[in-house]
2 protein chains.
Amino acid sequence: MADEHTTGSPRTLKTVSRAFDVVRALEELDGARVTELANHLDLSKSVVYNYLSTLRAEKFVVKEEDTYRLSLQFLLVGEYVRYQNILYRIGKPEIEELAEKTGEYAHLATEQHGLGVNLYKVSGEKAVGSDYQVNKLQRADYLHFSATGKAILAHLPKERVEWIIDQYGLPGKTEATITTREELFEELETIRDRGYSLNDEEEIKGLQAIGAPVTNRHGRVLGSISVSGPVRRMKQPEYHEQLIESVVNTANVIEVNVNMEESDDDFPTFS
Amino acid sequence: MADEHTTGSPRTLKTVSRAFDVVRALEELDGARVTELANHLDLSKSVVYNYLSTLRAEKFVVKEEDTYRLSLQFLLVGEYVRYQNILYRIGKPEIEELAEKTGEYAHLATEQHGLGVNLYKVSGEKAVGSDYQVNKLQRADYLHFSATGKAILAHLPKERVEWIIDQYGLPGKTEATITTREELFEELETIRDRGYSLNDEEEIKGLQAIGAPVTNRHGRVLGSISVSGPVRRMKQPEYHEQLIESVVNTANVIEVNVNMEESDDDFPTFS
DNA sequence: ATATGTGTTTGTATTTGACGAACGATCACT
DNA sequence: AGTGATCGTTCGTCAAATACAAACACATAT
C-alpha cells in the first residue's frame with residue numbers, strides 16, 4: 001500500500017461511490033440494518049450509519065424500525081428522467097396501439113452505458129396470462145440477445161459496438177444466443193439491410209421477437225421497438241410477415257414524429 | 001470560521017449531500033454543462049467536474065456531447081423500489097379494475113417523509129381526453145389537500161401528523177384547501193368516522209375525489225386509494241354513493257390481500 | 001491572429017470522513 | 001430477575017480524501 005499514488009483524472013470521489021455502494025447493497029438485500037450492511041460492505045458500523053443518515057436526510061432512503069430501505073424518491077426522479085426522453089413521450093401511445101393491434105407484447109427500449117433499458121412495455125390480449133414480461137423486475141440488460149438490443153446495436157457506430165463488446169463481452173443465454181464477434185457483426189449487417197431485427201429464442205427459449213430501430217434525422221439511433229410472442233405463433237409465415245410490417249411501420253411513425261419535435265436540437269453522441 | 005465546531009450526530013456526509021445537490025440541479029435544469037452547473041451550485045468547475053465524473057461512473061448520469069443528464073438508472077432502481085412495495089403489487093390490479101368499473105381516474109398512493117407519493121394511477125374511460133393526471137410529472141406532494149393524502153393522515157398517529165404539519169405547514173392550493181390545524185384535525189376525525197375521505201376542489205378547482213385508506217392488521221396505514229372526476233358528475237347523489245361504495249370496497253379487498261401476504265412480518269413505524 | 005469561451009488536468013492546503021472505543025437500550029437465555 | 005450479548009448510536013482523533021485555483025488543450029468568435 002505504498003506505490004500506487006495515481007491521482008489520475010477524472011478524480012472519482014470515493015465518498016460518493018461508497019454512497020452508491022450503500023444504495024446497491026440496500027437493493028440487493030431488499031433493505032437492511034446497520035450491522036448487516038456493515039458486514040456486507042466491509043465497513044465499520046459508524047461509517048455505514050453516517051451514510052444511511054445522509055441518504056435519509058436526502059430522502060433517498062427510509063428507515064422503518066431499524067431497517068433502512070431505498071425510498072420512492074428513486075421512482076420520482078426516474079419517472080422524470082423517462083418523461084424527459086422524447087422517444088418515450090412519442091413512442092408510448094404508438095407502442096400501446098401496436099400491442100393492441102397485434103395482441104402481442106410490445107416493447108420500447110433505449111441504450112444507456114452500453115446496455116438496453118426498457119422505457120415502456122405493454123401486453124396485448126394474446127399475451128395476457130403469462131405476463132412474466134410486464135411485471136418482471138426491470139434491469140439494464142445486454143443488447144446482443146434481444147430484438148430491441150440488436151436493432152440498436154445495428155445502428156450504433158462500429159467503434160461504439162466494439163467498446164460495448166469489450167466492456168461486457170457476449171455472454172450466452174440460450175443455445176441460440178450469438179456469442180462471437182464475427183457472427184454478431186454479420187447479424188447486424190443483415191439487420192441493417194432488411195430493416196428489422198429478429199430474436200429467435202436467443203434470450204428465452206420459446207420466445208421470438210421482431211424489432212426495429214428509431215433513429216433521428218442525423219442517423220443517430222434513439223432506441224428501438226419490438227413485439228414478441230411464442231415461437232409457434234410467431235413463425236406462421238403470413239402472420240410473421242404481417243408483424244414485421246406492423247413493427248417497421250410503427251417504428252417509422254415514431255421516427256417521423258420524433259424528428260418533427262427535435263427540429264431545433266443538438267445531435268449528441270454517446271455515453 | 002472559528003466558533004461553530006458542532007460535530008453533532010448523526011454526522012451527515014457533505015460530499016454525499018453535494019452529490020445529491022448535483023442530481024437535483026441536473027433535474028431542475030433538465031441537464032446541464034459543467035460551467036452552468038458550477039454557477040448554479042456556487043462551486044468551482046473542477047469540483048463539479050469530479051462529481052459529474054463520479055456519478056457517471058456509477059451510471060446515474062450520462063454525458064451527451066458536453067451536456068450531463070440524469071440517467072434511466074433512477075427509473076430502474078425506482079421500479080425496483082415500487083415493486084418491493086406490497087401495496088403496489090396487490091393494489092395495482094385492483095385499482096385497474098376500479099378505474100374500469102367506475103370509468104374515472106383511480107389512484108394508489110402512499111406516504112414517505114411526510115409527503116404523498118403516487119404508486120400508480122389509471123384513467124377510466126370517462127376520464128380519457130383530459131389526461132392531465134396520468135401524464136403529469138410525478139412529484140411528492142402535500143398530504144392535506146388530496147383524497148389519498150387525507151385518508152392517510154387520518155390514520156397516522158397524531159404526533160406524526162403534528163410532525164408533518166410542523167415540517168411542511170398547510171399551504172393552500174385553492175380557496176377550499178384546509179389551511180388550519182384545527183380544521184384539519186376535525187376533518188381527519190370525520191374521515192375516520194365515516195371511513196372515507198373527500199377532496200372537494202381542495203387541490204384543483206372543478207375536481208372532486210373520494211379516497212379510502214389501506215391499513216395492515218396492526219392498524220398501521222400503508223397507503224390509500226381514490227377515484228376522481230369532475231365535480232358536476234361526482235356530485236350526483238346516487239352516483240356519489242355508488243362511488244363511495246366502490247372505493248371503500250376496493251380498499252377493503254386490497255387490505256385483506258395485503259394482510260394475508262404480510263402474515264410473517266414486522267410492523268414498522270415511520271420515516 | 002487574438003481573445004474569450006469551453007471541459008479537463010494537476011499540485012497543494014485543509015476540510016472531512018474513517019476508525020475504534022464507548023454508551024445506552026434492547027433482547028435472549030439461564 | 002439477572003446476565004451477557006448485540007443492537008443502533010455517539011464521539012474524539014488522525015489520516016486521507018476533497019476543495020480550490022491556476023494552468024492546460026481545444027474550440028469558437030471577433
Any idea which of [options] is nearest the [X] side chain?
X: B:Thr15; options: C:dT16, D:dA17, D:dT10; value: C:dT16
X: A:Asp66; options: D:dG8, D:dC20, D:dT10; value: D:dG8
X: A:Arg33; options: D:dA17, D:dG8, D:dT10; value: D:dG8
X: A:Ser44; options: C:dT8, C:dC19, D:dC20; value: C:dC19

If you find the nucleotide of DNA chain C closest to A:Val47 and the one closest to B:Val34, which residue's nucleotide is nearer the 5' end?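 The residue whose closest nucleotide sits nearer the 5' end is B:Val34.
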
Measure [atom1]/[X] against [atom2]/[N] and give the value in whole Å, please.
X: B:Leu37; N: C:dT6; atom1: CG; atom2: P; value: 13 Å
X: B:Arg11; N: C:dC19; atom1: CZ; atom2: P; value: 13 Å
X: B:Asn50; N: D:dA19; atom1: CG; atom2: P; value: 8 Å
X: A:Leu52; N: D:dC7; atom1: CG; atom2: P; value: 15 Å
X: A:Lys14; N: C:dT15; atom1: NZ; atom2: P; value: 21 Å
X: B:Asn39; N: C:dG5; atom1: CG; atom2: C1'; value: 13 Å
X: B:Leu13; N: C:dC19; atom1: CG; atom2: C1'; value: 14 Å
X: A:Tyr51; N: D:dA17; atom1: OH; atom2: C1'; value: 10 Å

For [N] and [X] - does any side-chain N or O of the residue sit under 4.0 Å from the phosphate oxygens OP1/OP2?
X: B:Ser46; N: C:dT9; result: no
X: A:Arg18; N: C:dA18; result: yes
X: A:Lys45; N: D:dC11; result: no
X: B:Tyr68; N: C:dT8; result: yes

Validation row: A:Tyr68, A:Val34 side chains within 4.5 angstrom (heavy atoms):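 Side-chain contact under 4.5 Å: yes.
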
Whether B:Lys158 engages the ring of B:Phe185 as a cation-pi pair (distance to the six-membered ring centre under 6.0 angstrom, angle to the ring normal within 45°) should be assessed.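 Geometry flag: set, cation within 6.0 Å and 45°.
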
Nearest-nucleotide 5' precedence on DNA chain D, A:Glu36 against A:Val16: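 It is A:Glu36, whose closest nucleotide lies nearer the 5' terminus.
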
Between A:Arg24 and A:Asp21 (salt bridge meaning N to carboxylate O under 4.0 Å), is one present in this structure?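 The answer is yes: the pair qualifies as a salt bridge.
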
Is B:Glu162 paired with B:Arg181 through a side-chain N to carboxylate O contact shorter than 4.0 Å?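 Result for this pair is yes, salt bridge flagged.
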
Quick check for you: to the nearest 0.5 Å, what is the distance between A:Asn216 atom CG and A:Leu222 atom CG?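 A:Asn216 CG to A:Leu222 CG: 4.5 Å, rounded to 0.5 Å.
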
